[in-house]
Novice: 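So that we are looking at the same thing, I have put the structure below in structure tokens.
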Amino acid sequence: MTLKLWNTMANTLEEIDPIVAGEIRMYNCGPTVYSDPHIGNFRSFLMADLLRRVVDQRGFKTTQIMNITDVGHLTTDDVADATGEDKLEKKAREEGLDPFEIARNYEKIFHDNAEQLHLRKAHAYPRATDHIPEMITMIEQLIERGHAYEVPGVGVYFRVQSFDQYGCLSGNTLENLDSGSRIAVDDRKESPHDFALWKIDEKHLMQWDSPWGRGFPGWHIECSAMSHKYLGGTFDIHTGGEDNIFPHHECEIAQSVGSGVGEFAKVWVHARHLLVDGEKMSKSKGNFFTINDLFEKGYQGYEIRYSLINSHYRQPMNFTLQGLEGDSKAIQRIRSLREKLQAAESESATATEDLQQRLQSARRSFDDCIDDDLNISGALGVLHEEVRWLGREEPAGEGAGQALEFLRHCDEILGVIFVEEESAEEELSEECMGWIRDREQARKDKDWALADELRDRLKDAGVLIEDGPEGTTWSRIR
RNA sequence: GGCGGCAUCGCCAAGUGGUAAGGCACGGGUUUGCAAAACCCGCAUCCCCGGUUCGAAUCCGGGUGCCGCCUCCA
């Protein structure tokens with residue numbers, strides 16, 4: 001089977017057919033770096049990572065580009081277009097810092113989180129602010145071709161009327177757009193739907209020189225300019241969150257195709273938003289989680305990752321802490337099987353025919369699910385069934401090795417089984433360590449009453465004690 | 001008003017014409033000093049009403065409910 005993905009443009013499942021044989025070029029809409037990345041952001045980035053991993057595993061030469069939006073888009077509390085206060089500027093004012101510093105700071109947090117959640121590194125993370133000249137060039141091309149016009153002293157706008165395809169991605173064609181409903185009509189624009197490519201505003205903190213005056217770029221042009229620079233005017237896959245479909249991606253198409261650089265992206269893949277406790281995540285509702293919030297609660301990167309990739313990307317996922325806890329149990333079971341297999345691998349034993357056949361067919365089923373529009377849930381079903389079977393069979397030697405190979409194959413996509421624990425366990429207090437030592441002694445003396453009492457005491461102190469065949473271990477209760 | 005999506009066990013979630021994967025939770029076991037972990041057993045006829053078909057969760061028609069986007073938002 002070959003990889004199929006749901007193409008938002010065609011609204012149908014499509015086989016991925018590379019433009020250049022054996023190569024996939026992909027552009028992912030990345031983070032806007034003016035606040036801590038939250039689980040919703042990462043659901044979308046993880047979808048892109050999954051895609052990246054599948055394409056890698058299928059043997060394509062992959063180029064993955066993820067942009068960093070550090071210009072800060074504008075807030076539009078009452079008025080649309082480039083007239084609100086820039087988010088970065090707002091932060092800068094609140095935090096008393098330079099907007100560039102703030103952007104770099106959050107950019108670093110994004111990269112840290114991405115690493116902690118085991119995302120493969122993209123081949124480049126171009127920043128918008130590093131590509132102002134490219135954006136200016138593209139705007140000039142648009143003006144030349146009649147797709148854009150300057151309003152002196154105000155900026156440059158894209159002439160939506162001039163672009164027939166406008167609306168092809170979102171269905172928001174000019175006829176469908178409810179003129180003026182949420183857009184304050186600005187007389188200086190030819191049409192209310194025209195969007196800013198360059199904006200002049202003296203008060204803006206981030207400014208660059210341009211042929212139209214000192215100002216800053218509109219908020220769609222960066223992706224058109226950077227995707228063109230790094231991937232060419234026509235490339236295979238473009239991803240983003242569903243909210244990007246309109247206006248962002250619609251405008252990108254208009255800019256890229258309009259400027260004549262190429263046909264732009266062939267396949268558009270969009271991740272649905274996630275809900276938290278059944279509602280849209282928002283700070284005021286108190287159901288807002290950043291990745292770092294979850295780390296503070298004691299979750300490992302692979303647990304968070306597993307939970308966020310666990311449901312289909314085109315399905316509105318409902319995130320709950322209870323669900324995360326359950327997912328954590330599920331992934332721990334797989335990881336402990338991995339440990340058992342690793343321990344048994346050195347024994348000398350040959351793999352049974354039955355085992356080899358099972359693993360082979362499981363692997364095929366797993367791949368088929370993944371190829372079918374990234375059906376992770378289906379793939380995990382296959383994995384879990386094998387995990388249960390392997391847990392029962394307890395293969396050793398060669399068999400364990402082959403089982404591990406199967407797990408590794410799955411984990412090339414999942415990225416949750418063979419990755420390491422995030423941070424070394426911090427030290428326990430002297431008191432707790434003392435209790436643990438006392439309990440060891442009590443168990444040797446078969447003083448079960450004392451041993452149980454100490455275990456309870458440790459539990460109250462937030463330490464879980466487990467006696468296994470390999471000895472006693474402790475872990476933090478979260 | 002326009003565009004799009006969804007409705008399967010307590011919760012999460014596969015399945016797209018052949019008679020309901022999987023995970024978590026739960027109940028009963030094996031094991032364990034007890035417990036944990038692991039393993040075994042059990043646990044749904046698919047929002048409603050019509051229709052097509054030998055056969056539908058899956059296709060068609062009509063309801064009902066929920067959600068996203070329509071220039072901040074992954």
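As a basis for the values below, the full set of heavy atoms in this structure was taken, side chains included, without hydrogen atoms, waters or symmetry mates. Numbered from 1 within each chain, the chains take letters A, B, ... in sequence-line order.
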Novice: Remember a base hit wins even if backbone is also touched, and classify A:H273 as base, sugar-phosphate or nothing at under 4.0 Å, heavy atoms.
Specialist: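 Counting heavy atoms under 4.0 Å across all strands, the contact made by A:H273 includes a base.
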Novice: Does A:C29 or A:V382 map to a spot on RNA chain B nearer the 5' end, using the closest nucleotide for each?
Specialist: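 Here A:V382 is the residue nearer the 5' end.
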Novice: More than 12 non-hydrogen atoms from neighbouring residues, nucleotides or ligands closer than 6.0 Å to CD on A:E115, yes or no?
Specialist: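 Incorrect, the count does not exceed 12.
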Novice: Do you know which of A:E190, A:H147, A:H193 makes side-chain hydrogen bond (donor to acceptor under 3.5 Å, both in side chains) with A:R159?
Specialist: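 Result for side-chain hydrogen bond (donor to acceptor under 3.5 Å, both in side chains) with A:R159: A:E190.
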Novice: Check every strand shown and say whether A:L383 touches a base, only sugar-phosphate, or nothing at a heavy-atom separation below 4.0 Å.
Specialist: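 Since no nucleic acid heavy atom lies under 4.0 Å of A:L383, the category is nothing.
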Novice: Measure from NZ or CZ of A:R43 to the centre of the six-membered ring of A:Y313, then state whether that distance is under 6.0 Å and the direction lies within 45° of the axis.
Specialist: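 The answer is no, since A:R43 fails at least one limit relative to A:Y313.
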Novice: Answer yes or no: are there more than 12 heavy-atom neighbours, outside A:Q322 itself, under 6.0 Å from its atom CD?
Specialist: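 No.
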Novice: Go through the N and O atoms of the side chain of A:H248 and the base of B:U71, and report whether any donor-acceptor pair is under 3.5 Å.
Specialist: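 Under the 3.5 Å cut-off, the side chain and the base do not form any donor-acceptor pair.
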Novice: Now, which nucleotide makes the Watson-Crick or G-U wobble pair with B:A14, with each of the two distances under 3.5 Å?
Specialist: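 Here B:A14 is not engaged in any pair, so there is no nucleotide opposite it.
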Novice: Give A:G326 one of three labels, base, sugar-phosphate or nothing, depending on what nucleic acid heavy atoms sit under 4.0 Å from its own.
Specialist: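 Since only primed, P, OP1 and OP2 atoms lie under 4.0 Å of A:G326, the category is sugar-phosphate.
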Novice: Shorter than 3.5 Å, N or O on both sides, protein versus nucleotides 42-44 of chain B: list them out with atom names.
Specialist:
none

Novice: With both distances under 3.5 Å as the test, what is the Watson-Crick or G-U wobble partner of B:C3?
Specialist: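 By the stated definition (distances under 3.5 Å), B:G68 pairs with B:C3.
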Novice: Reading nucleotides 28-40 of chain B from the 5' end, what letters show protein touch, with B for base, S for backbone sugar-phosphate only, - for no heavy atom under 4.0 Å?
Specialist: -----BBBB-SSS
Novice: Is the shortest side-chain N to carboxylate O distance from A:R272 to A:E242 below 4.0 Å?
Specialist: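 Counted as a salt bridge, because a side-chain N and a carboxylate O are separated by less than 4.0 Å.
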Novice: I'd like to know if the side chain of A:S224 pairs up with that of A:E252 as donor and acceptor (distance under 3.5 Å, no hydrogens or angles considered).
Specialist: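 Checked: A:S224/A:E252 side chains show no N/O donor-acceptor pair below 3.5 Å.
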Novice: Applying side-chain contact (heavy atoms from CB on, under 4.5 Å) between A:I465 and each of A:T472, A:D456, A:T473, A:L454, report the one that passes.
Specialist: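 Exactly one option meets the side-chain contact (heavy atoms from CB on, under 4.5 Å) with A:I465, and it is A:T472.
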Novice: Could you tell me whether a side-chain N or O of A:R120 sits under 3.5 Å from a main-chain N or O of A:L50, the two making a donor and an acceptor?
Specialist: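 The answer is no, because no donor-acceptor pair under 3.5 Å joins these two groups.
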Novice: Identify whether any heavy atom of A:G40 sits under 4.0 Å from a base atom; if not, whether one sits that close to sugar-phosphate; answer base, sugar-phosphate or nothing.
Specialist: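 Counting heavy atoms under 4.0 Å across all strands, the contact made by A:G40 includes a base.
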Novice: Assign A:A330 to base, sugar-phosphate, or nothing according to its heavy-atom contacts below 4.0 angstrom with the strands shown.
Specialist: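 Sugar-phosphate, backbone atoms only, no base.
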Novice: If the sugar-phosphate is the primed atoms plus P, OP1 and OP2 and the base is the rest, what is the B/S/- string for nucleotides 2-14 of chain B, using protein heavy atoms under 4.0 Å?
Specialist: BSBSS-----SSS
Novice: Could you tell me which nucleotide pairs with B:C39 by Watson-Crick or G-U wobble geometry, both distances under 3.5 Å, or answer none if nothing does?
Specialist: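 The answer is B:G29, by the H-bond criterion.
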Novice: Can a salt bridge be assigned to the pair A:E303 and A:K297 using a cut-off of 4.0 Å between side-chain N and carboxylate O?
Specialist: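 Salt bridge between A:E303 and A:K297, a charged N being under 4.0 Å from a carboxylate O: no.
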